[in-house]
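Note that the coordinates shown come from a computational prediction; the quantities given were computed from them, not determined experimentally. Quick note: residue numbers are just sequence positions, from 1.
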Amino acid sequence: MIDITSLPSCLPILPLVNQVLLPSISSKYVLTQEDFRKILRFSPSYIVCIPFESNESDQQAVDDDRAEAIVITVKGICRSRVKDIYSSDGGHSLQADLEHYAEETHTCSADDHIVRDFQSLCQRFITDMRCAGVSAAVLNQIYELNNQWHSSYMANFLLCISESSFCDKLRALELVNYQERLQEISETITRYLQTIRECSTKNESELLFDQIRRRFYLNQEFTCLEPPVNVPTGTRKRFRELAEDDEELVDLIRKLNEANLPDNAVISVQRDLNRMRKLPVSSADSHLLRTYIEYVAELPWHTKETESNINISMAKQQLDKDHFGIEHVKKRILEYLSVIKVNRHAKAPILCLIGPPGVGKTTLAKSIATALNRKFHRISLGGVRDEAEIRGHRRTYVGALPGLLLHGMRECGVQNPVILLDEIDKMSKGSNQGDPASAMLEVLDPAQNCTFVDHFLNIPYDLSKVTFIATANTSDSIPSPLLDRMEMIQLNGYTFDEKLYIAQTHLIPKQLETHGLAGLGVEIPDDVVLRIAERYTRESGVRNLERLVASLCRYKCHEYANLDESGQLDQFEPSLGLEKIEDILGTEPFENETVENDDIAGVVTGLAYSNSGNGGILLIETSYMPGESRLKLTGSLGDVIKESAQIAISWVKTNAYFLKLTASRNEDIFKNIDIHIHLPSGAVRKDGPSAGIAMVVGLISLLSGNNVPRTTAMTGEITLRGQIRPVGGIKEKVISAHRAGIKKILLPFANRRDINKDVSDKIKKEITFVYCKSIWEAVETAFEHSCIRYESRMNSSL
């Protein structure tokens with residue numbers, strides 16, 4: 001494109017009588033040889049064309065005076081405003097002092113109604129000129145020009161080839177603003193098309209159409225559209241509209257041009273577009289091709305992204321507002337946001353939030369999208385059994401559609417949304433329709449998802465700017481290659497104290513507002529919430545807790561309505577007491593765990609962690625009877641806890657002499673007895689290694705007859721060498737033990753960091769924590785050193 005700053009500010013004048021030259025328009029004019037030589041003398045390349053209006057007699061006089069005429073071709077470059085006119089040769093020729101204005105080629109968005117209206121006007125222009133009998137060859141040329149050049153240039157061209165007046169063209173020349181000029185030209189062309197439509201209703205319509213065609217061909221012959229070279233990228237259209245295209249196809253082609261497709265996609269789509277034009281509209285292939293092209297046009301390709309104006313402090317406030325606790329998760333999210341703030345081109349990590357149901361995995365993903373200021377889309381992968389649901393169906397199948405990922409990108413309309421892959425651990429396996437988990441490998445691999453190929457689209461599509469967040473209840477069912485591509489973040493279940501906080505700050509206000517009780521002063525005290533959480537729910541999240549809170553709200557609504565009808569609203573009590581809970585919610589399905597009232601030999605208190613995310617105390621009962629050295633285990637035990645019992649038996653048998661349980665080293669303490677170990681609550685499945693230390697202490701207590709204090713609890717995995725290994729769920733176990741009245745807890749030494757990090761100072765003051773590296777240290781502490789006789793463990797063989 002020519003830089004207007006390089007144009008001379010002083011140029012010779014070429015007067016145009018009753019004519020207007022517009023930018024990007026090339027036209028021919030007749031000059032005398034003398035005038036032509038004067039122009040060449042002052043400027044061999046540029047002139048200024050100044051239009052003026054004259055009557056026919058003056059025009060005829062000018063034409064008759066011209067001898068030996070020369071035809072020149074003049075191309076409009078830009079608009080110029082005349083500041084002064086002068087002559088440098090005594091009046092033989094005139095020059096103008098000018099101020100140039102660049103041709104504004106404003107690139108409007110698809111939402112600019114003026115541009116859309118003008119495109120529709122171009123379509124109507126072609127249609128009406130076809131009705132007037134203009135040849136298809138000429139109309140196709142206009143179609144190609146409309147597809148190739150910017151609307152600003154096309155508007156000037158249509159104004160020149162239509163029967164517009166001198167004043168209309170002069171007005172278009174005066175307007176510098178692009179949108180105002182486009183609006184003005186659109187109104188002029190609309191009046192011209194209205195004139196053509198009126199001709200079709202008159203008796204001599206064919207004669208009138210013949211006159212219109214003659215004038216149109218004449219204007220088209222002497223007017224040529226020649227926009228400047230190097231038109232800015234994005235203004236040229238890569239898909240052409242043809243005269244025979246219907247309005248729907250024209251609109252579809254316009255969307256394709258606005259989508260700014262990559263080169264490889266343009267070639268493929270253009271081939272399918274040409275195929276569709278050759279097929280009948282009613283054919284199945286035509287419908288499939290149209291669906292395919294619509295999907296391509298509506299996908300975000302290059303230019304559509306939401307700006308991520310990240311504010312770390314506001315993101316932290318948003319996360320704290322939406323979620324209580326889970327500080328390690330918030331820390332990782334804020335770290336990622338900080339990286340994006342420093343380097344906007346950094347690749348997003350693929351996070352996998354693993355935790356039991358109801359702990360806020362989905363809402364956490366929504367909070368991340370809010371903090372990033374990006375669009376959010378959720379894809380449920382639970383039960384997905386067909387690879388085509390990820391990669392899409394091939395177009396050879398009837399009813400073929402893209403996969404869930406491209407469908408989500410189409411719904412979002414941007415290249416960088418946050419996509420939640422919900423329940424990724426529940427994708428079906430072993431299906432004869434392919435493995436969807438294997439199809440996800442390409443999606444979740446940052447090195448490959450930049451060229452993700454959907455079978456329906458069959459064009460590489462860039463997913464590298466998408467932030468993927470997966471959720472799962474467990475990582476056991478996720479294939480190892482897929483697990484390797486994701487960063488695991490563990491979300492544990494809420495403790496009772498956390499549930500109380502969530503209920504008072506979020507659940508109760510929400511339910512009071514939903515049931516219309518917010519303005520009535522209804523209150524649900526903390527002791528009521530704790531009673532519900534402890535004795536009416538056994539869950540990791542707060543879903544059932546919210547349902548029970550809703551039941552309380554419905555009860556208060558019913559009570560209020562009855563008192564209102566009876567005129568006794570003064571008796572309405574806004575507060576709920578513990579005495580009413582059982583009447584409203586029914587019998588308590590669970591009992592609160594407390595320690596035993598008596599110290600009994602062979603009974604030890606262990607600590608357990610349930611699948612619901614809560615901790616609890618676990619009584620371990622041991623007994624012996626005459627028999628043949630057999631071990632009996634009851635209480636719905638899993639394989640791991642059974643192995644812990646066998647290790648405990650082996651360790652006690654090996655060290656019975658040093659524990660003063662036998663008189664000699666070779667004596668078998670279990671020779672004539674059977675051991676029975678039982679864990680109460682047999683309907684509840686129990687598994688895990690953390691009961692090992694309690695089983696050892698329980699067996700020693702049984703065989704020695706010494707009691708372990710009922711306020712002492714313990715947890716830890718054991719080995720055959722007598723070492724105590726760390727276990728999980730320490731925070732939940734300690735909180736439940738404190739609630740049950742435990743005063744002393746034996747823990748593996750490696751779990752000391754969990755106590756320092758997760759347990760509150762209040763609990764630390766009320767419970768004594770003893771950290772043990774070996775079973776001998778646990779025995780010393782459990783029996784308080786004086787209740788059982790044993791030799792120094794240094795004399796032990798293990």
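- Contact check for Ser27 versus Val74: no side-chain heavy atoms found under the 4.5 Å cut-off.
- To the nearest 0.5 angstrom, Arg181 atom CZ is 6.0 Å from Asn156 atom CG.
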> What do the steps show when you test Leu249 against Ile253 for side chain to side chain contact (heavy atoms under 4.5 Å, CB included), and what is the final call?
Replying inline: CA-CA 6 Å; Leu249 186 55; Ile253 293 175; 4.1 Å; yes
>> Checking Asn416 against Thr467 for the side chain to side chain contact (heavy atoms under 4.5 Å, CB included) test, could you report, in this order, the C-alpha distance in whole Å, the side-chain angles of both residues, the deciding distance, and whether it holds?
In response: CA-CA 7 Å; Asn416 60 344; Thr467 300; over 6 Å; no
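- Between the CG atom in Leu22 and the SG atom in Cys78 there is a gap of 12.5 Å [rounded to 0.5 Å].
- Other residues, nucleotides and ligands contribute more than 12 heavy atoms inside 6.0 Å of the CZ atom of Phe52.
- Looking at Lys169, its side chain never comes within 3.5 Å of a backbone N or O of Val20 through a donor-acceptor pair.
- Ile419 is listed as a side-chain neighbour of Ile379, based on a closest heavy-atom distance under 4.5 Å.
- The nearest pair of heavy atoms linking Leu299 to Arg410 is CD2-N, 3.9 Å.
- Using modelled atom types, one side-chain atom of Gln415 and one backbone atom of Trp301 make a donor-acceptor pair closer than 3.5 Å.
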> Taking it one step at a time, do Val296 and Tyr461 satisfy side chain to side chain contact (heavy atoms under 4.5 Å, CB included)?
Replying inline: CA-CA 10 Å; Val296 174; Tyr461 188 79; over 6 Å; no
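- Residues Thr451 and Val453 are not in side-chain contact: their nearest non-hydrogen atoms beyond the backbone lie 4.5 Å or more apart.
- Salt bridge Asp168/Arg171: absent, no basic N to carboxylate O contact under 4.0 Å.
- Without hydrogens or angle criteria, Ser286 side chain to Ser282 main chain gives no donor-acceptor distance under 3.5 Å.
- Pairing each heavy atom of Met409 with each of Pro300, the nearest pair is O-CD, 3.5 Å.
- Side-chain contact check for Asp285 and Ser283: no donor-acceptor pair (N or O, by modelled atom type) lies under 3.5 Å.
- Here the closest non-hydrogen pair linking Phe468 and Leu463 is CE1-O, 4.0 Å.
- Within the 4.5 Å cutoff, the side chain of Ile312 has heavy atoms near those of the Ser338 side chain.
- With rounding to the nearest 0.5 Å, the separation of CD1 in Ile293 from CE in Met276 is 4.0 Å.
- Aromatic ring orientation, Tyr295 versus His407: tilted (interplanar angle from 30° to 60°).
- Checking side-chain atoms of His455 against main-chain N and O of Ile390 turns up no donor-acceptor pair under 3.5 Å.
- The distance from the CG atom of Asp128 to the CD1 atom of Ile196 is 6.0 Å, given to the nearest 0.5 Å.
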>> Using side chain to side chain contact (heavy atoms under 4.5 Å, CB included), reason through Leu121 and Leu193 one step at a time and then give a plain yes or no.
In response: CA-CA 9 Å; Leu121 180 62; Leu193 297 180; 3.8 Å; yes
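- With contacts defined as side-chain heavy-atom distances shorter than 4.5 Å, the pair Leu288/Phe456 qualifies.
- Between Ser186 and Asp117, the closest side-chain pair of non-hydrogen atoms is not below 4.5 Å.
- The closest donor-acceptor contact from the side chain of Arg395 to the backbone of Ala400 lies at 3.5 Å or more, if one exists at all.
- Within 6.0 Å of CZ on Arg124 lie more than 12 heavy atoms contributed by other residues, nucleotides or ligands.
- Residues Ile50 and Pro15 form no side-chain contact, since every pair of their non-hydrogen atoms from C-beta on lies 4.5 Å or further apart.
- Within the 3.5 Å criterion, the main-chain N or O of Arg191 finds a donor-acceptor partner in the side chain of Thr195.
- Checking side-chain atoms of Asp454 against main-chain N and O of Gly403 turns up a donor-acceptor pair under 3.5 Å.
- Note: Arg81 CZ to Leu98 CG = 11.5 Å, rounded to the nearest 0.5 Å.
- Across every non-hydrogen atom of Phe118 and Met154, the tightest pair is CZ-C, 4.1 Å.
- The shortest heavy-atom contact between Arg254 and Ser120 is NH2-N, 4.4 Å.
- Considering only heavy atoms from C-beta on, His100 comes within 4.5 Å of Ser80 through its side chain.
- Summarising the geometry of Tyr292 relative to Ser268, their closest heavy-atom pair is OH-OG, 3.6 Å, with the distance given to 0.1 Å.
- Separating the CG atom in Leu94 from the CD1 atom in Ile13 is a distance of 5.0 Å, to the nearest 0.5 Å.
- Few gaps surround CD on Glu187; more than 12 heavy atoms of other groups in view lie less than 6.0 Å from it.
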